[in-house]
J.: 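Got a structure for you, written out below as structure tokens; questions coming shortly.
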Amino acid sequence: MGRSSTRLPSFCLNRMSPGVRVRSPPPEPKPPPSPESRQLRHHGNAKRPGDGAEEEPLLGRRIMIVVDSSPESKTALRWALSHSVQSNDSIILVDVVRPPKHGEQSGKERDPKIYELLHSMRSVCHARKPEAQVELSLVEATERGPAIVEEARKQDASLLIMGQKKRSLTWRLVMMWAGRKVGGSVADYCVQNATCMAMAVRRKSRRGGGGYLITTKRHKDFWLLA
């Protein structure tokens with residue numbers, strides 16, 4: 001409720017004596033500062049702008065982006081750098097490769113070029129977000145979905161972003177005709193099972209226009225014009 005002000009009529013104001021002064025009551029003495037408040041001021045917990053004290057940098061999020069050689073993965077990386085990653089965030093680029101067969105060396109030791117994709121993606125991140133920190137992770141696993149979800153948990157990621165490929169109706173019919181079960185994609189599995197926020201990104205049109213379609217645990221193909 002607002003305050004209601006009472007306006008004095010003009011005849012009341014004319015009858016007031018201008019020579020009367022009203023003294024305000026003396027200010028009450030302030031209590032002495034407690035030892036706790038002195039200790040806080042001594043350690044500088046109550047900082048004021050311009051006092052020369054250095055402010056602690058804000059900790060950003062850990063955003064995990066799944067990368068591979070597909071166009072959908074590159075689309076998801078570009079979208080993440082443009083719409084999600086901030087300068088104080090940390091980017092974790094994760095690539096999942098198949099483990100070596102019995103008797104073979106690890107893929108990391110067998111083929112050093114396996115890191116070329118991660119290094120090229122890191123260069124893209126440095127060019128678009130030079131302030132953000134970039135980490136690389138190469139995971140060997142047979143099933144990509146569970147491996148990505150587990151890696152996001154180990155990396156303590158607060159956001160998981162990956163590309164999503166659109167399956168055409170013809171492809172689904174061929175798979176059903178061949179007797180293969182048409183299940184969800186790796187991106188769908190990660191969106192539903194990740195412990196953190198997970199997003200699957202793909203272009204609405206193959207020509208590169210029309211914005212993006214975002215899939216989360218609550219939204220399916222949410223259209224984002226950007």
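We use all heavy atoms of the structure for the numbers below, so side chains are in, but hydrogens, waters and symmetry mates are not.
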J.: Quick one: which residue pairs count as a salt bridge (Lys or Arg N to Asp or Glu O under 4.0 Å) with a foot in residues 71-93, not counting sequence neighbours?
T.: Arg61-Asp89
J.: How many angstroms lie between atom SG of Cys125 and atom CD1 of Ile63, to the nearest 0.5 angstrom?
T.: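 Going from SG on Cys125 over to CD1 on Ile63, the span is 10.0 Å.
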J.: Centre of Tyr212's six-membered ring, under 6.0 Å away, within 45 degrees of the axis: is that where NZ or CZ of Arg202 sits?
T.: no
J.: What residues form a side-chain contact (heavy atoms from CB on, under 4.5 Å) with Ala198, not counting sequence neighbours?
T.: Leu160, Val191, Ala194
J.: Students often mix this up, so state it plainly: with edges at 30° and 60°, are the rings of Trp79 and His83 parallel, tilted or perpendicular?
T.: parallel
J.: Without placing hydrogens or testing angles, list every side-chain donor-acceptor pair under 3.5 Å for residues 142-155, not counting sequence neighbours.
T.:
| residue | atom | partner | partner atom | Å |
| --- | --- | --- | --- | --- |
| Arg144 | NH1 | Val96 | O | 3.1 |
| Glu150 | OE1 | Arg153 | NE | 3.3 |
| Glu150 | OE2 | Arg153 | NE | 3.3 |
| Glu150 | OE2 | Arg153 | NH2 | 2.4 |
| Glu151 | OE2 | Ser137 | OG | 2.9 |
| Glu151 | OE2 | Gln155 | NE2 | 2.9 |
| Gln155 | OE1 | Arg62 | NH2 | 2.9 |

J.: Output the distance between atom CD1 (Ile91) and atom CG (Leu136), rounded to the nearest 0.5 Å.
T.: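 So the CD1 of Ile91 and the CG of Leu136 are separated by 10.5 Å.
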J.: Just grab all the salt bridge (Lys or Arg N to Asp or Glu O under 4.0 Å) pairs involving residues 122-132, residues at least two apart or on different chains.
T.: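 For residues 122-132, and leaving out neighbouring residues, there are no salt bridge (Lys or Arg N to Asp or Glu O under 4.0 Å) pairs at all.
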J.: Tell me, do Lys220 and Asp188 make a side-chain contact under 4.5 Å, heavy atoms counted?
T.: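 Lys220 reaches Asp188 side chain to side chain.
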J.: Return the CZ to CD distance between Arg98 and Glu140, rounded to the nearest 0.5 Å.
T.: 12.0 Å
J.: Quick check on Gln133: does its CD atom have over 12 non-hydrogen neighbours (other residues, nucleotides or ligands) under 6.0 Å away?
T.: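 12 or below, so no.
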J.: Just how far is it from atom CG of Leu93 to atom CG of Leu117, taken to the nearest 0.5 Å?
T.: 9.0 Å
J.: Can you measure from CD (Gln164) to CE (Met199) and round to the nearest 0.5 angstrom?
T.: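 Going from the CD atom of Gln164 to the CE atom of Met199 covers 11.5 Å.
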J.: Taking side chain as C-beta onward, heavy atoms only, is Thr75 less than 4.5 Å from Ser70?
T.: no
J.: Run the side chain to side chain donor-acceptor pair (under 3.5 Å) test against Ser158 and tell me which residues pass, sequence neighbours left out.
T.: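 Result, side chain to side chain donor-acceptor pair (under 3.5 Å) vs Ser158: none returned.
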J.: Whether the side chain of Ser73 engages the backbone of Ser69 through a donor-acceptor N/O pair (distance < 3.5 Å, no angle test) should be reported.
T.: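 No; judged by distance alone, with no hydrogens or angles, the pair does not exist.
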J.: Determine whether His219 and Ile214 satisfy the following criterion, side chain to side chain contact (heavy atoms under 4.5 Å, CB included), listing intermediate values before the conclusion.
T.: CA-CA 8 Å; His219 300 88; Ile214 310 298; over 6 Å; no
J.: Can you measure from SG (Cys196) to CG (Asp156) and round to the nearest 0.5 angstrom?
T.: 9.0 Å
